[in-house]
Amino acid sequence: MRFTNMFIPTLRETPSDAEAVSHKLMLRAGYVRQLAAGLYMYLPLGWRVMAKINAILKEEMDAIGAQEISLPVLHPAELWQQTGRWDEIKEEMFRLKDRGGRDMCLGMTHEEVMTYLASREIRSYRQLPQSWYQIQTKLRDEARPKSGILRTREFIMKDSYSFDADEAGLDKSYELHAKAYHRIFQRCGLEFYQVQSDPGMMGGKGAHEFMAPSPAGEDEAVLCVSCGYAANVELAGSISPGERFKAEPHDIHAAKTGDGCPKCGAALKIERCIEIGNIFKLGTKYSLPMKAFYLTEDGSERPLIMGSYGIGPARIAAAAIEQSHDGDGMIWPASIAPFDAEIIPLNIKDENTAKTAEALYNALNEAGIETLMDDRDERAGVKFKDADLIGIPKQVIIGERNLKEGLVEVKDRRTKEALKVKPDEVLKAFKS
RNA sequence: CGGGGCGUAGCGCAGUCUGGUAGCGCACACGGUUCGGGACCGUGGGGUCGGAGGUUCAAAUCCUCUCGCCCCGACCA
């Protein structure tokens with residue numbers, strides 16, 4: 001892609017209402033713009049990152065046998081009334097009436113609709129297990145949207161739901177998802193923890209959250225470096241030093257750094273985190289009220305045993321920026337960067353520069369390396385600043401000075417190390 | 001929803017206390033000089049000062065109401 005054909009409105013100054021690093025940089029680098037509180041517009045660069053993340057999500061979901069489907073955002077109230085959540089949930093749910101006066105709501109999550117589908121279509125144990133997922137819009141009328149893209153009223157979520165014949169099946173589906181989530185976050189280049197969490201209103205009997213450490217996060221994880229115990233502070237029952245091994249499981253209170261680990265007694269560490277994913281064992285919380293039953297081998301009727309699993313791709317993007325940036329801008333992990341490489345011809349009006357850039361651009365694209373070429377007629381400084389801001393991992397700098405010796409520069413955005421190579425060696429330099 | 005802050009050009013801000021009819025930097029357009037880390041000079045376009053009502057000869061400025069955005073907290077499926 002050529003810079004002049006792509007809308008990349010970079011800003012020299014940070015809009016004053018941005019606080020979180022990821023928010024500031026996404027605005028400055030021209031990845032997103034705000035429409036209203038908690039509502040964001042993704043611009044070409046931002047949307048490319050989302051597409052990269054979603055592609056990874058799909059690959060890993062497909063790899064565990066989950067199947068992609070798509071459900072409506074607009075839901076009839078009846079489904080939510082059946083599970084009781086129509087009344088349990090308050091202002092956080094967007095509600096409306098259709099022209100016939102029927103109560104409707106905008107989906108904040110899809111347990112109801114998924115269970116409805118399963119209840120009508122799954123008849124027999126022979127059809128189990130099933131895992132269905134979608135990457136789709138959720139709406140929540142948040143009391144306080146914040147930190148840019150981190151907490152919004154409308155957001156995209158990868159949500160999957162598993163249907164099993166029994167608890168053992170659920171355990172398996174749950175494990176599969178947990179492992180897939182590990183691979184996803186690893187592939188996205190994030191530092192993260194899997195921690196125990198409170199199942200909360202989702203109901204059910206077990207839950208974990210995936211937490212990306214970052215000061216911009218809203219959650220706190222309690223971690224034991226000694227035995228590996230990890231939990232959300234909301235859940236972590238801890239004991240104070242000197243009272244070892246006397247943790248009261250029901251005594252749930254906020255743990256503090258230095259408290260004793262409930263498992264091994266060692267000193268706990270607390271870290272601020274962004275919740276990037278969660279997994280829940282739902283059991284029959286939705287299948288019972290919605291009558292989602294199947295027939296067993298001996299002909300008896302049993303409720304489906306369910307799990308639900310969510311990932312917020314925008315939070316992955318924000319967490320990646322929070323965890324990987326410097327004073328000049330973003331530093332994308334290669335896997336989710338909007339482009340693999342950026343060609344920077346310093347003086348586009350120089351014939352040799354332009355020719356070399358053009359040839360390299362074609363060669364890289366042909367080699368399957370997604371390349372952005374800054375073909376703007378701008379000064380070198382502007383291009384350098386924008387390139388660093390935008391954060392594409394590899395930069396290929398083409399300047400008249402080096403070109404006289406038949407060389408171009410391959411620079412790593414993260415380390416800032418630059419290698420001078422011949423144009424036809426650029427590909428090789430990427431691999432090293 | 002409680003507490004705090006802020007709304008003046010696309011972005012960052014000054015002007016508000018002490019009313020006199022809107023300004024600076026960046027960005028943008030044009031011309032020239034520049035050209036490896038956000039150039040310089042000149043010219044130019046762009047603003048119902050968030051909105052409504054009120055006070056006044058006169059309101060960005062004072063008063064009332066209202067809308068919006070951000071931060072802290074509560075909440076968070």
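Note that the structure is a prediction, hence the values are computed from the model and not measured. Sequence lines set the chain letters: A, B, ... in the order given, protein chains first and strands last, and positions in each chain run from 1.
- For the P atoms, the distance linking B:A9 with B:G46 amounts to 15 Å, nearest Å.
- The nearest whole Å value for the distance from the NZ atom in A:K24 to the C1' atom in B:C11 is 15 Å.
- Residue A:K411 is classed as a base contact, given a heavy-atom separation below 4.0 Å to a base.
- Two residues, A:E19 and A:K385, neighbour RNA chain B, and the one matched to the more 5' nucleotide by heavy-atom proximity is A:K385.
- Residue contacts for A:E409: at a heavy-atom cut-off of 4.0 Å it reaches a base atom on one of the strands shown.
- Taking side-chain N and O atoms only, A:R144 has no distance below 4.0 Å to OP1 or OP2 of B:A74.
- Within the shown strands, B:U43 is the pairing partner of B:A29 under the Watson-Crick or G-U definition, both distances less than 3.5 Å.
- Of the residues in residues 339-355 of chain A, A:L346 come within less than 4.0 Å of RNA chain B through at least one heavy atom, sorted by number.
- With both ends at atom P, the span from B:U8 to B:C69 equals 14 Å, rounded to whole Å.
- As the counterpart of B:C62, B:G54 is assigned, both hydrogen-bonding distances of the Watson-Crick or G-U wobble pattern falling under 3.5 Å.
- Closest to the side chain of A:D386, from the set B:G38, B:G37, B:A39, is B:G38.
- Here the side chain of A:R151 is nearest to one of B:C76, B:C35, B:G38, namely B:C76.
- Within the 4.0 angstrom heavy-atom criterion, no nucleotide atom of any strand lies near A:K138.
- Considering only side-chain atoms of A:R401, the nucleotide from B:C13, B:G37, B:G36 that sits closest is B:G36.
- Nearest to the side-chain atoms of A:A36 among the listed nucleotides B:C75, B:C69, B:G38 stands B:C69.
- Using Watson-Crick or G-U wobble geometry with both donor-acceptor distances under 3.5 Å, B:C17 finds no partner in any strand shown.
- Under a 4.0 Å N-O distance rule, the pair A:E417/A:K411 does not qualify as a salt bridge.
- In this structure, A:K146 reaches the B:C72 phosphate: one of its side-chain N or O atoms is under 4.0 Å from OP1 or OP2.
- Using C1' as the reference atom, B:C49 and B:A60 are 5 Å apart when rounded to the nearest Å.
- Figure legend. B:G68 is base-paired to B:C6; pairs are counted as Watson-Crick or G-U wobble with both atom distances under 3.5 Å.
- Although no hydrogens or angles enter the test, the distance criterion places a donor-acceptor pair under 3.5 Å between the side chain of A:N232 and the main chain of A:E234.
- Here A:Q34 lies in heavy-atom contact (under 4.0 Å) with sugar-phosphate atoms only.
- Of the P atoms belonging to B:U55 and B:A14, the separation is 31 Å, rounded to the nearest Å.
- In the model, A:N278 has a side-chain atom that pairs as donor or acceptor with a side-chain atom of A:E275 under 3.5 Å.
- Sequence order on RNA chain B of the closest nucleotides to A:Y40 and A:W80 puts A:Y40 first from the 5' end.
- Between B:C13 and A:S16, a contact under 4.0 Å exists linking OP1 or OP2 to a side-chain N or O.
- As rounded to the nearest Å, B:C28 and B:G23 have P atoms that lie 23 Å from one another.
- Of the nucleotides present, none pairs with B:C75 by Watson-Crick or G-U wobble criteria with both distances under 3.5 Å.
- Between A:F210 and A:F192, the angle of the ring planes lies from 30° to 60°, which puts this pair in the tilted group.
- Residue A:E13 has its side chain nearest to B:C11 when only B:C70, B:C11, B:G37 are considered.
- When A:H75, A:Q81, A:R85 are each tested for a side chain to side chain donor-acceptor pair (under 3.5 Å) with A:E112, only one passes: A:R85.
- Across the C1' atoms, B:U21 and B:A58 are found 8 Å apart, a figure rounded to whole Å.
- B:G12 and B:G38: their C1' atoms are spaced 15 Å apart (whole Å).
- Shown here, B:U34 forms no base pair; nothing in the strands shown gives a Watson-Crick or G-U wobble contact with both key distances under 3.5 Å.
- The closest side-chain donor-acceptor pair between A:S160 and A:H177 falls under 3.5 angstrom.
- A:T83 comes within 4.0 angstrom of no nucleic acid atom, judged by non-hydrogen atoms across all strands.
- Distance check on atom P: B:G44 versus B:C65 gives 45 Å, rounded to whole Å.
- Judged purely by distance below 3.5 Å, without hydrogens or angles, the side chains of A:S324 and A:R414 pair a donor atom with an acceptor atom.
- Between A:R12 and B:A27, a side-chain N or O to OP1/OP2 separation shorter than 4.0 Å is present.
- The partner of B:C49 is absent, by the rule that a Watson-Crick or G-U pair needs both atom distances under 3.5 Å.
- Side-chain to base pairing of A:D328 with B:G37: no donor and acceptor N or O lie closer than 3.5 Å to each other.
- The distance between the ring centers of A:F163 and A:W132 falls below 6.0 angstrom.
- With A:R153 contributing its side chain and A:A37 its backbone, the two residues share a donor-acceptor pair below 3.5 Å.
- Residue contacts shown for A:A143 include a base, since a base heavy atom lies under 4.0 Å away.
- Note: A:Y174 and A:Y309 have tilted aromatic rings, judged against thresholds of 30 and 60 degrees for the angle between ring planes.
- Comparing B:C70, B:C76, B:G38 against the side chain of A:R28 picks out B:G38 as the nearest.
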